[in-house]
Structures are given as structure tokens and as C-alpha cells.
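Any value given below was found using the heavy atoms of this structure, including those in side chains, with hydrogens, waters and symmetry copies removed.
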Amino acid sequence: MDLTIRDIARMAGVSPATVSKIINNYGGISESTRKKVYKIIEDTKYQPTFSAKSLATKKSNLIGLIYAGKINVDFTHPFFNEVVNAFKKAVGSLGYDLLLFSNEKIYQGESKYLERCKHFHVDGCLIIAGDEIEEAVHDIANSDIPSVGIDLKLEGPRSSYIMTDNAKVGAKVVEHLYLNQVRNIAYIGGKQDSLVSSIRNIGFVDAMNQFGLPVEKDWLYYGDFFEQSGYEGMKEILKADRLPEAVFAASDMMALGALKAIKEEGLSVPGDIQLIGCDDIEACRYSDPPLTTVKQDKQKLGKLAAYMLEDLIKDDHDIQDMKVDPELVLRASTKDH
């Protein structure tokens, strides 16, 4: 038979409130009473329920994890999977568990994130950006529930966000190629109406202008960060009257798609066209040739998000948004690796 907190209280001859205080380490209880209750708990192998502990402490030790957007990246995406794993380890060490929220009902108008967060008494939320972000996400940011966004600007009373300094991504690529006497550079970007994509797109164009390099319309293509769009974009670029010396794809998955398209045309990487991606997903190390890429520090992004959220939960600090510097990782898809 499953025991309740009332059963333990009756056996100990104390009130349920006293048992609750002892379980949750509140003061004001005599040592003899504390020992008596602990002895009964030990003898009966009683386990307090999650709801009993959360109601007593006003703390669930649960973090809501939301993959936002009508088109979301979910846990199969190699970049965000690594970020979330780093976040999970960090919040786990702080004593939290993760609760994954589905957003399917959001688009059927049947549920709201905020209602579900309150139902489960989550202590905070990590929100990961996809495309076509639902307004329900910002309901959380504007509430009193602490929240941190990854690649998503959250601007509420107890919210913040973190992302790679995406303006520097294109700048690092263009500067590196320029220093190695590459002047003709094509670009495969992400969707122009998404936050991260637009920052990377602007960063690339600004860097090209800074070095006085032409931004050729025939060498520009905008995809969706996934492999198929990189493949299709590269096919379009290869139809131009002349070939670029190098291609920068704003995600590794698009770069891998571009690599396939280049090979299908009988061209070599880096012999005919040099190729650079972005993210440094694991597949980059094993492609043929291994892919030069702009590394996003996934471990740092995940850990910082965890510690930022913990501070927001505790109201310890006035947390500002954070940007993490990218790093160019040279491999055999460029000539200077």
C-alpha cells in the first residue's frame, strides 16, 4: 500500500505540516521529533510524492524545454542537440530535471505554454528558436516565469537570451579568404526573415563590402539551414556564367548539401571550389573532404544558458543577453588548412 504524508504523520503523532517541514528541511522542529519522523520514513520506505514536495517548497526543480516555432528544429538537429545536452548536464548538476513541451496543440489553438508551465510548476524555461515563432512563447517571457532563449530574443521581466555573435561569423570567413587571396566568394544563407539568418546574411554582405569585394547576385542563394537547400542552392550557383573560388554556407548541413552538388558536377573541393560551413557539427570531421567551418561553442552556449537560468530563478543577478564569439576551424575543404 502506498503511504501518504498523513499516514506518516499519524504514525508519528504529529501533524502533516510537521512531517512536510521535516522532509523539506525547515527549521523550528525539535530534534527528537525530527528523529522519530525520519525513523518511520526509513522503516516504511516512504517516498514523498513530487506534488507534495513542490507544494511544500514552492519549487518543482523542473525546467521546461520548448522547441519553438511552426517549423522547429527539435532534438534531432545536430547543433541544437549538442547545445541541449550541455544544458542538460549543467542544470542536472544544479538539481533540475527537464520537462519537454510539445507545441503541436499550440497551432490547434488548444493549449498555451504559459498555462502548461503553471500547471507543472516549472521553475524556469529554456526556449530554442525555430521558424515562425508562436506568440505563446512571448507570453512566458512576459510572465514571472524565468526563461532563457537560444537564438531567440526574449525581453521580459525575468528573461534573457544567448546566441553566437552571428555578425562575426561571415566576417571571419571573408577575412580569412581575403588573407588567402580569394576574392570571388559565393554565399548560401538561411531564411531571410529569421533572426539568426538575417544577422549572418548582413554580416557576410557587410564584410564583403568592407574588403571591397563584389557581392554577385548569381552567387547568392537563401535556403533553410538544412542539407537539401544547400544542395539546391549550390546547383543554382553552378549555373552562373563563371564559378566562384569559394562558397560560404551559413550552416554545416547546407555546406554538406553543397559539397554533394559540387561533386555531382565533376568538380573537386578544394581544388576547384573551396567550401566553408558554420556550426562545427560532428559530421564535418568525417565528410570527404573534412569541412572547414565556423565553430559555434555549443558547450559554452548550453552551460551559459543553464547558469543564466539558475540566476534568473534565484533572482541573484540582473542578467543581460549574451553573445558567444565564433571560431574558424580549418580543415581540408579549404586550401590553407
Side-chain angles (χ1 to χ4, degrees), residues 24 49-77 79-81 83-92 94-163 191 193-196 301-322:
N24 292 290
T49 64
F50 165 78
S51 58
K53 291 183 74 174
S54 63
L55 284 172
T57 61
K58 307 298 183 186
K59 197 171 188 296
S60 67
N61 287 88
L62 285 178
I63 300 297
L65 174 59
I66 297 171
Y67 288 92
K70 190 171 186 179
I71 305 168
N72 61 58
V73 290
D74 71 41
F75 50 83
T76 63
H77 192 284
F79 169 72
F80 286 107
N81 185 40
V83 174
V84 170
N85 277 335
F87 176 83
K88 180 183 70 175
K89 289 179 182 178
V91 294
L94 296 171
Y96 295 95
D97 289 312
L98 291 183
L99 178 64
L100 177 62
F101 286 111
S102 166
N103 72 347
E104 301 304 319
K105 293 288 187 182
I106 298 293
Y107 283 98
Q108 298 171 25
E110 295 181 24
S111 181
K112 297 292 185 184
Y113 288 131
L114 185 56
E115 293 171 4
R116 288 149 72 190
C117 287
K118 289 181 176 179
H119 174 76
F120 288 103
H121 303 286
V122 298
D123 294 331
C125 279
L126 178 71
I127 305 173
I128 295 173
D131 287 326
E132 299 182 36
I133 300 296
E134 52 272 47
E135 188 59 35
V137 163
H138 298 286
D139 292 341
I140 299 174
N142 292 321
S143 75
D144 60 354
I145 296 174
S147 55
V148 170
I150 293 183
D151 286 354
L152 172 66
K153 283 187 177 181
L154 297 181
E155 298 173 324
R158 298 184 71 189
S159 65
S160 189
Y161 65 93
I162 184 170
M163 63 177 64
K191 286 188 173 182
D193 59 352
S194 84
L195 174 65
V196 170
L301 285 166
K303 288 180 72 174
L304 277 174
Y307 298 142
M308 289 166 68
L309 189 53
E310 166 80 345
D311 282 342
L312 286 167
I313 290 168
K314 290 183 173 180
D315 277 328
D316 277 355
H317 305 284
D318 181 19
I319 302 296
Q320 304 296 315
D321 58 274
M322 295 189 188

Yes or no on side chain to side chain contact (heavy atoms under 4.5 Å, CB included) for Asp151 and Phe80, after CA distance, side-chain angles and deciding distance? CA-CA 10 Å; Asp151 286 354; Phe80 286 107; 3.6 Å; yes
Tell me, with the steps shown, if Leu152 and Tyr161 meet side chain to side chain contact (heavy atoms under 4.5 Å, CB included). CA-CA 6 Å; Leu152 172 66; Tyr161 65 93; 5.8 Å; no
Could you please spell out the steps behind the side chain to side chain contact (heavy atoms under 4.5 Å, CB included) verdict for Ile63 and Ile313? CA-CA 10 Å; Ile63 300 297; Ile313 290 168; 3.8 Å; yes
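Looking at every heavy atom in both residues, Met308 comes nearest to Ser160 through CE-OG, 3.5 Å. Between Phe101 and Cys117, the shortest heavy-atom contact is CE1-SG, 4.0 Å. Residues Arg158 and Asp144 approach most closely at NH1-O, 2.8 Å, considering heavy atoms. Residues Asn61 and Gly95 come closest through the heavy atom pair ND2-O, 3.1 Å. In terms of heavy-atom proximity, Ala306 sits nearest to Ala90 at CB-CB, 3.4 Å. Nearest approach of Gly156 to Ser159, heavy atoms of both residues: N-OG, 2.5 Å.
For the atom pair CZ (Phe79) and CD1 (Ile128), the distance works out to 9.0 Å, reported to the nearest 0.5 Å. Distance check: Ile162 CD1 to Leu304 CG gives 4.0 Å after rounding to the nearest 0.5 Å. Note that CG of Leu126 and CG of Leu100 are 11.0 Å apart. Values are rounded to the nearest 0.5 Å. Note that SG of Cys125 is 8.0 Å distant from CG of Leu309, once rounded to the nearest 0.5 Å. Going from atom NZ of Lys118 over to atom CD1 of Ile145 covers 6.5 Å, rounded to the nearest 0.5 Å. The structure places CD1 of Ile140 at 9.0 Å from CZ of Arg116, a figure rounded to the nearest 0.5 Å.
Put simply, the side chain of His138 reaches to within 4.5 Å of the side chain of Leu154, judged on heavy atoms. Using a 4.5 Å heavy-atom threshold, the side chains of Phe87 and Leu65 count as separate. Taking 4.5 Å as the limit, some side-chain heavy atom of Val91 sits within range of a side-chain heavy atom of Leu98.
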